[in-house]
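Residue numbers begin at 1 in each chain, while the letters A, B, ... track the order of the sequences. Hydrogens, waters and symmetry mates are skipped; everything else that's a heavy atom, side chains included, is used.
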There are 2 protein chains.
Amino acid sequence: MERRSGCPINLSLEVFGDRWSLIILRDMIFGGVRHFRELLNGSTEGIASNILASRLKKLVELGLLTRRDDPSHKQKAIYSLTEAAIELVPVMNALGAWGSRWLPVSEELSIRAQVLDEGGDELRERFMAELREEHLGIAAGPPPGGRTVRERLREAYQEKVR
Amino acid sequence: MERRSGCPINLSLEVFGDRWSLIILRDMIFGGVRHFRELLNGSTEGIASNILASRLKKLVELGLLTRRDDPSHKQKAIYSLTEAAIELVPVMNALGAWGSRWLPVSEELSIRAQVLDEGGDELRERFMAELREEHLGIAAGPPPGGRTVRERLREAYQEKVR
DNA sequence: GTAACCACTTGCAAATCGCAATCAGTCTCG
DNA sequence: CGAGACTGATTGCGATTTGCAAGTGGTTAC
């Protein structure tokens, strides 16, 4: 990929300036999804398999994901977030908070963005620590209150659905 | 535009999920640029005029910009940021900070992102107040220290260039 | 053994992109 | 008054990207 300029916002856009890359990372970060099939069928947006394959390849090349074989199934691949991808949590937070405020979001799907935003830096740091444990094997310690951040986000969603 | 889902991150991506929309808003927010020609020639990335025209139209339709005639020149248009666009400052900040950390940015161009990030919520709020004054006519009061945030960012850049 | 599942590729039509040239109206300057 | 530059766009066109459907070679569960 050619670089149009060394501006950080421009370079970020050259990485995420498309309709799918951040959707994939969103599903991995917030949904805990690790496999091709889950990404293909899991999101409501309905990504096509060729686009998914090319984006996963690009994200691995850019150092946002790593790919390894699943020992339980020779055909299966496991994708993991790298530290660079985990540090997108504040970007996701800013983007989610902005979207919740200015776009016609559905209430159930925006509650998670709200909870994460209202939790402040502390909650986001805790979430990132849990992602590091999950994807990089770096111990995060037991979750305060017995529930992980992802569980808390999911519970907020479930409560809203009812 | 069709909506793929009501998820705030997805909807934000449907607005900004291309290579140019945020570049235009970046130049308006950080560069103080208001006219078509300035946007066309000002950025180092070199947007094509047809793309710029279509993006400006889209951003006006989405409520991120407003367009009005320039009284000094009947052919001239002035574009202004709306409150929705001004509130993208935290998104720009998060994106710029991430890019500065993980992408091969040039030092001069990333210093502004660093200054803005290190200034914390206070500096960003001040910056947004100045943008509201500039684009919405809402008084922001005199800049603390006699320099606006944009001036401070530019000075940091100039100092780095030398 | 066979049916479902796995990550991924291929073919193809449609949309979008980027570049260059062009547009008509407006302003500046001599 | 007339030449030339400037205004925000538009047009034509080839190249790239997208989205959809179907298919690939192989693995696994029953």
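The side chain of A:His73 approaches D:dT27 more closely than any other nucleotide in the set D:dA22, D:dT27, D:dC20. The nucleotide whose nearest atom lies closest to any side-chain atom of B:Gln75 is, among D:dA21, D:dT18, C:dT26, C:dT26. Comparing C:dC17, D:dT10, D:dG8 against the side chain of B:Ile51 picks out C:dC17 as the nearest.
Under the 4.0 Å criterion applied to side-chain N and carboxylate O atoms, A:Glu122 and A:Arg126 are not assigned as salt-bridge partners. The existence of a salt bridge linking A:Glu14 and B:Arg19 is excluded, since no basic side-chain nitrogen approaches an acidic carboxylate oxygen closer than 4.0 Å.
For the pair A:Lys76 and B:Pro71, nearest-nucleotide mapping onto DNA chain C gives the more 5' position to A:Lys76. With DNA chain D read from its 5' end, the first of the two nearest nucleotides for B:Ala77 and A:Ser54 is the one closest to B:Ala77. If you find the closest nucleotide of DNA chain D to A:Gly46 and to A:Lys74, the one lying nearer the 5' end belongs to A:Gly46.
To the nearest angstrom, P of D:dT11 lies 10 Å from NZ of B:Lys57. D:dA21 atom C1' lies 16 Å from atom CD1 of A:Ile47, rounded to whole Å. Residue B:Glu14 contributes atom CD, which lies 17 Å from atom P of C:dA15 at whole-angstrom precision. The interatomic distance linking A:Leu52 (CG) with C:dC6 (P) rounds to 13 Å, in whole Å. Remark: C1' of C:dC27 and CG of B:Asp70 are 12 Å apart, rounded to the nearest angstrom. Straight-line distance from the CG atom of B:Asn50 to the P atom of D:dT11: 11 Å, rounded to whole Å. Put simply, CZ on B:Arg19 is 12 Å from C1' on C:dG18, counting in whole angstrom units. Following rounding to the nearest Å, B:Asp18 (CG) and C:dG18 (P) show an atom-to-atom distance of 9 Å.
Under the 3.5 Å distance criterion, with hydrogens and angles disregarded, no donor-acceptor pair is assigned to the side chains of A:Trp98 and B:Glu87.
Within the structure, a side-chain polar atom (N or O) of A:Arg55 is placed less than 4.0 Å from OP1 or OP2 of D:dT18. In terms of phosphate contacts, A:Trp20 brings no side-chain nitrogen or oxygen within less than 4.0 Å of OP1 or OP2 of D:dT17. At D:dA9, one or more side-chain N or O atoms of B:Arg67 fall inside 4.0 Å of OP1 or OP2 (strictly under the cut-off).
Scanning residues 24-45 of chain B for heavy-atom distances under 4.0 Å to DNA chain D yields B:His35, B:Phe36, B:Arg37.
Checked against B:Arg150 for a side-chain contact (heavy atoms from CB on, under 4.5 Å), the options B:Arg112, B:Glu134, B:Glu155 give a single hit: B:Glu134.
Counting heavy atoms of neighbouring residues, nucleotides and ligands inside a 6.0 Å radius, atom CD of B:Glu107 does not exceed 12 of them.
Between B:Phe127 and B:Phe30, the distance from one ring center to the other falls under 6.0 angstrom.
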Donor-acceptor pairs are to be reported for all side-chain atoms of residues 60-71 of chain B against protein atoms at under 3.5 Å, with residues two or more places apart or in another chain.
unit_1, atom_1, unit_2, atom_2, d
B:Arg68, NH1, B:Ser80, OG, 3.3
B:Asp70, OD1, B:Ser72, N, 2.8
B:Asp70, OD1, B:Ser72, OG, 2.9

